[in-house]
Amino acid sequence: MQPKSTIVHLPVYQPGKPIEEVKRELGLSEVIKLASNENPFGSSPKAKEAIQAEIDSVSLYPDGGAVELTAALAAHLGIQPNQILFGAGSDEVILMIARAYLVKGDETVMATHTFPQYKHNCEIEGAVSIEVPLKDGKHDLPGMLAKINERTKIVWVCNPNNPTGTMVTRAELNDFLQQVPQHVLVVLDEAYIEYTDSEEFPDGIELLPHYKNVITLRTFSKIYGLASLRIGYGVGHPDVIHSINQVREPFNTSRFAQAAAKAAVKDQEFIAYCRKMNAAGIEYMTGEFRKLGLSYYPAYGNFIMVDVQRPAKEVFDALLRKGFIIRGGHALDFPTKIRVTVGSQEQNAKFIAALTQVLDEVAVQA
Ligand SMILES: *Cc1c(COP(=O)(O)O)cnc(C)c1O
């Protein structure tokens, strides 16, 4: 048996250690995970009620077309139902886009470093990923534009960018999109957009009438707090949505995910609360970083990448021993930086106290 040549070198995704295992191994009674950009406030109570109400239908297949959820979301976003498609997380929408659009030898352009699933899925399809380094943690859109040629099928723009948290502005994005040729699909990943209220931050949905070749990805995993249910979506031109639907599995989102997402969309009060708490958390954490003399990238999501001026792996390990799970930049090619999710006020204060101690314990990188 021989698996396809495009996958033999791919690593199997290594998830972080679960909280319970870290507790046991290190003998800790409390472990705070600020590693996966999950919502510290959980999810809307209305979403939890909606899940419970579905329990007795567990033996029935879900609605493959997610008709009710599509209608609720289309109304919320002010768009048509044929402009939306759902995936088992936006991860699956990324997979479906690659599957629908890429064949061996195609090229796709993306930033390095950005969300790893773009490159992963492009490689599986045999496409060549052209990676354009970030500038000051930001997408270099003119640099990406310069890499587009007649073989280019997809350009990926993650806004705000994961793992750096930086933003591409409305003006920068418009300037870019006006120059991208029509044969190229631009994927705009807005997994964290609900967290920002910056005037300069572009909204992919508003671009819909102007650009047929843009698809915007969003998710219920981040501010909506439904990560375990696996549901995200893409919004684009009906023709693009149709092509992606042609490769979609018939029942790719569960009954529970659809019901919870539908209820969650209708509870915008919860979203506004989370947005406000997150903004306060960013202000607090960045203020503390400045007091500690640490620089950080401007943060437009619910996470901050901060330069700890010390080997990231050592800082990661020292924080872990104190019961904090974060993302160390050593795994992401940022040797002296860490990425930390903004938690609740209490979690943020505990994290800053632990980080302050760790900075004393770990020697500065020469
Ligand atoms: C978390 C995340 C996603 C995917 O989330 P799903 O849980 O698969 O919906 C997509 N893009 C970025 C940039 C993310 O951070």
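The basis for the numbers below is simple: all heavy atoms, side chains too, and nothing from hydrogens, waters or symmetry mates.
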Indicate whether any N or O donor in one side chain lies under 3.5 Å from an N or O acceptor in the other, for [X] and [Y].
X    : Y    : value
N161 : Y300 : no
R290 : Y296 : yes
S198 : T196 : no

Any non-hydrogen side-chain atom of [X] less than 4.5 Å from a side-chain atom of [Y]?
X    : Y    : answer
I231 : Y224 : no
M110 : C122 : yes
Y211 : V180 : no
M277 : S344 : no
Y297 : D307 : no
N302 : N278 : yes
E123 : H9   : yes
R275 : D197 : yes

Could you name each residue pair satisfying side-chain hydrogen bond (donor to acceptor under 3.5 Å, both in side chains) that touches residues 170-188, not counting sequence neighbours? K138-E172, T169-E172, R170-E206
Can you tell me which residue pairs pass the side-chain hydrogen bond (donor to acceptor under 3.5 Å, both in side chains) test with a partner in residues 87-104, sequence neighbours excluded? E92-N252
Is [X] linked to [Y] within one hydrophobic cluster, defined over Ile, Leu, Val, Met, Phe, Trp and Tyr using a side-chain heavy-atom separation of less than 4.5 Å?
X    : Y    : value
V184 : L145 : yes
Y233 : L188 : no
V214 : V235 : no
M144 : L102 : no
I205 : V186 : no

[X] to [Y] - nearest heavy-atom pair and separation:
X    : Y    : value
A260 : I51  : CB-CG1, 3.7 Å
A263 : K46  : CB-O, 3.5 Å
P202 : I193 : O-CD1, 3.6 Å
A259 : A50  : O-CB, 3.5 Å
N39  : I223 : ND2-O, 2.7 Å
P45  : D267 : CD-OD2, 4.2 Å

With sequence neighbours left out, the residues meeting salt bridge (Lys or Arg N to Asp or Glu O under 4.0 Å) with D203 are R218
D63: partners by salt bridge (Lys or Arg N to Asp or Glu O under 4.0 Å), with sequence neighbours left out: none
Which value, rounded to the nearest 0.5 Å, describes the distance between [X] atom [atom1] and [Y] atom [atom2]?
X    : Y    : atom1 : atom2 : value
K23  : E21  : NZ    : CD    : 13.0 Å
Q258 : F251 : CD    : CZ    : 10.5 Å
H242 : R248 : NE2   : CZ    : 11.5 Å
H237 : D239 : NE2   : CG    : 4.5 Å
Q309 : S295 : CD    : OG    : 6.5 Å
I326 : L320 : CD1   : CG    : 9.0 Å

Sequence neighbours excluded - salt bridge (charged side-chain N to carboxylate O under 4.0 Å, His left out) pairs with any residue from residues 31-41: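 Listed once each, the pairs are K33-E38.
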Using a 3.5 Å distance criterion without hydrogens, assess whether the side chain of [X] forms a donor-acceptor pair with backbone atoms of [Y].
X    : Y    : answer
R255 : Y61  : yes
T114 : A111 : no
T6   : I124 : yes
E190 : G204 : yes

Mind checking who shares a hydrophobic cluster with L60, ILVMFWY linked at side-chain heavy-atom distances under 4.5 Å?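 Besides L60, the cluster holds no residue at all.
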Listed by chain and number, what are the ring-ring contact (aromatic ring centres under 6.0 Å, His included) partners of [X], not counting sequence neighbours?
X    : answer
H113 : F334
F270 : none
H330 : F316
F303 : Y192

Worked check of side-chain contact (heavy atoms from CB on, under 4.5 Å) between I325 and V31: CA-CA 7 Å; I325 311 176; V31 168; 3.8 Å; yes
Verdict with supporting geometry, F201 and N159, side-chain contact (heavy atoms from CB on, under 4.5 Å): CA-CA 9 Å; F201 202 96; N159 202 30; 3.6 Å; yes
What do the steps show when you test K119 against E131 for salt bridge (Lys or Arg N to Asp or Glu O under 4.0 Å), and what is the final call? CA-CA 9 Å; K119 185 175 178 186; E131 297 177 79; 2.9 Å; yes
side-chain contact (heavy atoms from CB on, under 4.5 Å), that's the test. Do I338 and M305 meet it? Break it down for me. CA-CA 6 Å; I338 61 171; M305 187 172 253; over 6 Å; no
Please lay out, stage by stage, how R230 and S221 fare under the test side-chain contact (heavy atoms from CB on, under 4.5 Å). CA-CA 7 Å; R230 312 306 303 127; S221 297; 3.5 Å; yes
Can you give each donor-acceptor pair under 3.5 Å made by side-chain atoms of residues 349-359, sequence neighbours left out, with the distance rounded to 0.1 Å?
| residue | atom | partner | partner atom | Å |
| --- | --- | --- | --- | --- |
| K350 | NZ | E30 | OE1 | 3.3 |
| K350 | NZ | E30 | OE2 | 3.2 |
| K350 | NZ | E346 | OE2 | 3.1 |
| T356 | OG1 | I352 | O | 2.6 |
| Q357 | OE1 | K322 | NZ | 3.2 |

Tell me, with the steps shown, if Y273 and F41 meet ring pair (Phe, Tyr, Trp, His ring centres under 6.0 Å). CA-CA 9 Å; Y273 171 77; F41 306 104; 5.4 Å; yes
Check K313 with D317, please: is the shortest side-chain N to carboxylate O separation under 4.0 Å?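 Here D317 pairs with K313 in a salt bridge, since their nearest N and O are under 4.0 Å apart.
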Throw together a table of side-chain donor-acceptor distances under 3.5 angstrom for residues 67-89, partners on residues two or more places apart or in other chains.
| residue | atom | partner | partner atom | Å |
| --- | --- | --- | --- | --- |
| E68 | OE1 | K262 | NZ | 2.6 |
| T70 | OG1 | A66 | O | 2.6 |
| Q83 | OE1 | Q80 | N | 2.8 |

